[in-house]
Each structure stands twice: as structure tokens, then as C-alpha cells.
Number of protein chains: 2
Amino acid sequence: MKLSTRGDYATRVLLELCTAEGPRPVSVTDLANRTAISQKYLEQIMGQLRSAGIVRSERGLHGGYELAREPDGLTVGEVIRIMDGPLAPSPCASRSAHVPCPAYRCAVEESCVMRSLWLEVRDAIAEVLDRTTFGDLTRRQQSSLALSRAMYHI
Amino acid sequence: MKLSTRGDYATRVLLELCTAEGPRPVSVTDLANRTAISQKYLEQIMGQLRSAGIVRSERGLHGGYELAREPDGLTVGEVIRIMDGPLAPSPCASRSAHVPCPAYRCAVEESCVMRSLWLEVRDAIAEVLDRTTFGDLTRRQQSSLALSRAMYHI
DNA sequence: TGAATCCCTATCGAATTAGTAGGATTATCA
DNA sequence: TGATAATCCTACTAATTCGATAGGGATTCA
């Protein structure tokens with residue numbers, strides 16, 4: 001049930017884009033330095049996010065990336081699906097990209113006990129990821145930052 | 001967030017062991033035929049389940065496998081962890097086999113916003129899989145079987 | 001003894017993952 | 001107008017994992 005590095009990195013970078021101070025848009029070089037991700041690899045990830053309409057880019061000098069949407073309108077679930085495919089543990093339990101079981105292994109899909117369990121798991125994952133927006137994450141990060149500053153009397 | 005075939009096959013076979021009619025123990029040949037899984041591959045999976053104490057085996061003629069525990073005391077979560085490792089989408093969010101983030105990427109793990117989200121996901125998955133036993137699955141299968149028999153007036 | 005069974009280990013091809021590499025294109029600015 | 005800094009595009013690759021396949025040894029029972 002593992003997340004790929006692409007899904008991991010994409011969510012980190014988007015959160016960085018939400019909270020970044022300084023000039024916009026933000027270049028891949030800056031993003032890579034701040035997140036400790038290989039720059040060339042990150043270029044590919046940003047390209048994928050761009051063609052999915054999550055970020056928009058500006059080319060040329062002082063170019064870079066910025067969010068194409070309001071953070072409160074962008075869920076983690078959407079991003080993970082773009083980078084890693086359906087959330088469901090088994091293709092037969094995906095609601096967004098359903099693929100039936102091989103017939104000989106699961107004759108009547110609707111009455112397959114294992115599939116109904118994977119559907120439960122899929123729904124449990126989706127409930128968390130589709131309700132959490134990058135706006136939520138941004139506020140959480142800001143409040144935990146405020147807390148740690150208070151702890152150290154800064 | 002995909003399940004491997006090993007996790008998939010293991011759960012199918014264990015459910016088959018719960019519901020199988022006929023002589024016990026059940027040979028791998030029979031199990032492979034009934035589940036449409038390659039026999040040699042299934043041997044490896046059964047070996048892993050045996051050394052984890054999920055099934056017990058008898059060697060020699062009329063040997064085979066049977067459950068080592070009561071179906072009501074065996075959860076799907078336990079089996080998936082044996083076959084596929086921790087349920088958490090990220091090693092830093094595993095409760096059973098925690099591995100910290102590389103320090104340069106996530107300085108203070110306790111305040112990492114992404115990690116707390118992966119923990120939520122992990123807990124959502126575990127809630128389903130650790131509450132569902134093979135006894136539950138067996139009863140679900142039997143009731144759906146009874147229903148389909150009634151539908152066809154058998 | 002022979003057949004059926006589990007048991008163990010090695011191998012292997014295909015796919016996926018996680019990056020590298022190189023360069024073309026585009027925009028800005030001095 | 002030319003240098004520079006950025007995105008963009010495509011190909012390649014090394015390592016790992018996945019999903020088996022293969023062969024044979026050990027064990028039990030009739």
C-alpha cells in the first residue's frame with residue numbers, strides 16, 4: 001500500500017508552493033533546493049502537474065511555477081491520483097478507473113467478498129485524501145510553526 | 001496504493017481454506033486449482049504463511065495446509081502485513097515498522113504536516129483491515145451464497 | 001517401494017521506479 | 001542583440017521489485 005516518490009514529492013512541493021515566501025513564480029531550482037529533491041526529477045514531476053492543470057508555469061528568465069488553483073480547491077486525493085493512479089488497493093475496487101477481475105477468478109464481481117473489502121479500504125483512503133485540501137495543510141503547518149515559535153520564546 | 005498479488009492471493013487462499021468442503025488438510029494442488037493461481041507460486045506463499053504461524057502444514061501423502069488459528073482470531077490486516085509489509089503509505093507513518101524521514105527533508109518528524117496526513121491514511125486503512133477477520137469474510141460469503149441460491153430458486 | 005505431498009533455493013524475464021542526461025525553446029535584461 | 005536563466009521535451013539507464021518458473025530434496029503413507 002505504498003506511495004511512490006512521485007506522489008510523495010508532488011505533495012511536498014505543492015505544500016511548499018502554498019507556503020513559500022519570496023517572489024513568484026518559484027523556479028524548479030529553488031523548489032529542488034528547499035525540498036531536497038533532485039532538480040531534473042522534479043522537472044518531470046512539475047511537468048506532469050502542469051499538464052494536469054494543478055500548477056501553471058512561466059518560461060524564460062524569472063520564470064517558474066505557481067499554483068493554478070486556490071489551495072482550498074485542491075485536494076491531496078486529486079494529486080495522488082494524478083501521480084500514482086487510482087487510490088484503490090485493487091483495480092477491481094477503483095471507482096475512478098474500474099477494471100474487472102479476470103472472470104475465472106471472480107465470477108460474479110458484485111458478490112466477491114474480497115472486492116467488497118477492498119472497496120471499503122478504498123473508501124476509507126478516499127475519505128481522508130478527498131476531504132484534505134492544500135489549504136488545510138497550509139493552515140496546519142502555519143499553526144504548528146506558530147506553536148514551535150512560542151515554545152522557544154521567539 | 002496498490003496491493004501486491006501476494007497479498008491478494010494470500011487472502012483469497014485463506015478464505016478458500018475457511019470455506020472449503022472436503023477432506024483436510026487441503027493440498028496446494030487443490031488450492032491452486034480452486035483459486036486459479038500458479039501452483040509453484042502458491043507454494044511460496046503458503047510457505048510464508050506457515051512460517052508466520054497463519055497456517056500449519058502436513059507433509060507426505062494426503063498432506064496439505066489448514067488454518068493454524070480460529071478464523072475469528074485472524075485479521076486481514078495481519079495477513080497483508082506479512083505478505084506486503086506495513087500498511088502505511090510511507091515508512092515514516094508506520095506504527096509497526098517505523099522508519100524516520102531523512103533528516104534533511106523533514107527536520108522535526110513530529111511536526112511534519114505530510115507525515116500526519118499519511119498517519120491518518122494509515123489509521124483509516126488499519127481500522128478496516130484490523131477489524132475484519134476471516135470469520136467475518138466467511139460469514140459474508142455464506143450469506144451472499146445463500147442469497148444467490150434463493151434468487152435462482154435452488 | 002512408489003506416489004503424492006510439502007519444502008527449499010535458485011533463476012529469470014518483464015515491468016516499474018527513480019533518477020540522469022542532453023539539448024531545444026522561450027523570455028528577460030543589460 | 002546577445003548572454004543568461006528558466007521551462008520543456010525526449011531518450012536513456014541502473015537498480016529493484018514482481019510474478020512467476022524450475023528442479024530437486026525430504027517426508028509420509030499405502
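Each chain gets a letter, A, B and so on, in the order the sequences are listed, and its residues count up from 1. Worth saying up front: this structure is predicted, and the values here are computed from it rather than measured.
- A/Glu43 comes within 4.0 angstrom of a nucleotide base, judged by non-hydrogen atoms across all strands.
- The side chain of B/Ser27 lies closest to C/dC6, out of C/dC6, D/dC9, C/dG19.
- The nearest whole Å value for the distance from the OH atom in A/Tyr41 to the C1' atom in D/dC9 is 17 Å.
- Heavy atoms only, all atoms of each residue included: B/Arg34 and B/Ala20 are closest at NH1-CB, 3.3 Å.
- B/Thr5 has a side-chain polar atom (N or O) that falls below the 4.0 Å cut-off from OP1 or OP2 of D/dG19.
- Annotation: the span from B/Glu127 atom CD to B/Leu87 atom CG amounts to 12.0 Å, rounded to 0.5 Å.
- Contact between B/Leu67 and B/Cys18 at its shortest, heavy atoms only, is CD1-SG, 3.5 Å.
- When each of A/His62 and A/Arg50 is assigned the nucleotide of DNA chain D with its nearest heavy atom, A/His62 is the one assigned upstream, toward the 5' end.
- Rounded to whole angstrom, the span from the CD atom of A/Gln44 across to the P atom of C/dG22 amounts to 15 Å.
- Atom pair B/Leu61:CG and D/dA26:P shows a separation of 19 Å (rounding to whole Å applied).
- Atoms CD (B/Glu66) and C1' (C/dT5) sit 14 Å apart, rounded to a whole Å.
- Checking D/dA20, C/dA24, C/dC7 against the side-chain heavy atoms of A/Arg59 singles out C/dA24 as nearest.
- A donor-acceptor pair shorter than 3.5 Å cannot be found between the side chains of A/Gln142 and A/Thr19.
- Residue B/Glu58 is classed as a sugar-phosphate contact, given heavy-atom separations below 4.0 Å to backbone atoms only.
- Considering only side-chain N and O atoms, B/Tyr9 lies nowhere under 4.0 angstrom from the phosphate OP1 or OP2 of D/dC18.
- Between A/Arg95 and A/Leu119, the closest side-chain pair of non-hydrogen atoms falls below 4.5 Å.
- Remark: C1' of C/dT5 and CZ of B/Arg56 are 17 Å apart, rounded to the nearest angstrom.
- C/dT17 atom P lies 9 Å from atom CZ of A/Arg6, rounded to whole Å.
- Atom NZ in A/Lys2 sits roughly 10 Å away from atom P in D/dC18 (whole-Å rounding).
- Here the C1' atom of nucleotide C/dA4 and the NZ atom of B/Lys40 are 13 Å apart, to the nearest Å.
- Ion pairing between A/Arg12 and A/Glu16 fails under the 4.0 Å rule for side-chain N and carboxylate O.
- For A/Glu78 and A/Arg81, the salt-bridge test fails: no basic side-chain N is under 4.0 Å from an acidic carboxylate O.
- Neither OP1 nor OP2 of C/dA18 sits under 4.0 Å from any side-chain N or O of A/Ser38.
- Bending across the helix from C/dT1-D/dA30 to C/dA30-D/dT1, expressed as the angle between its end axes from five pairs apiece, amounts to 0° (10° rounding).
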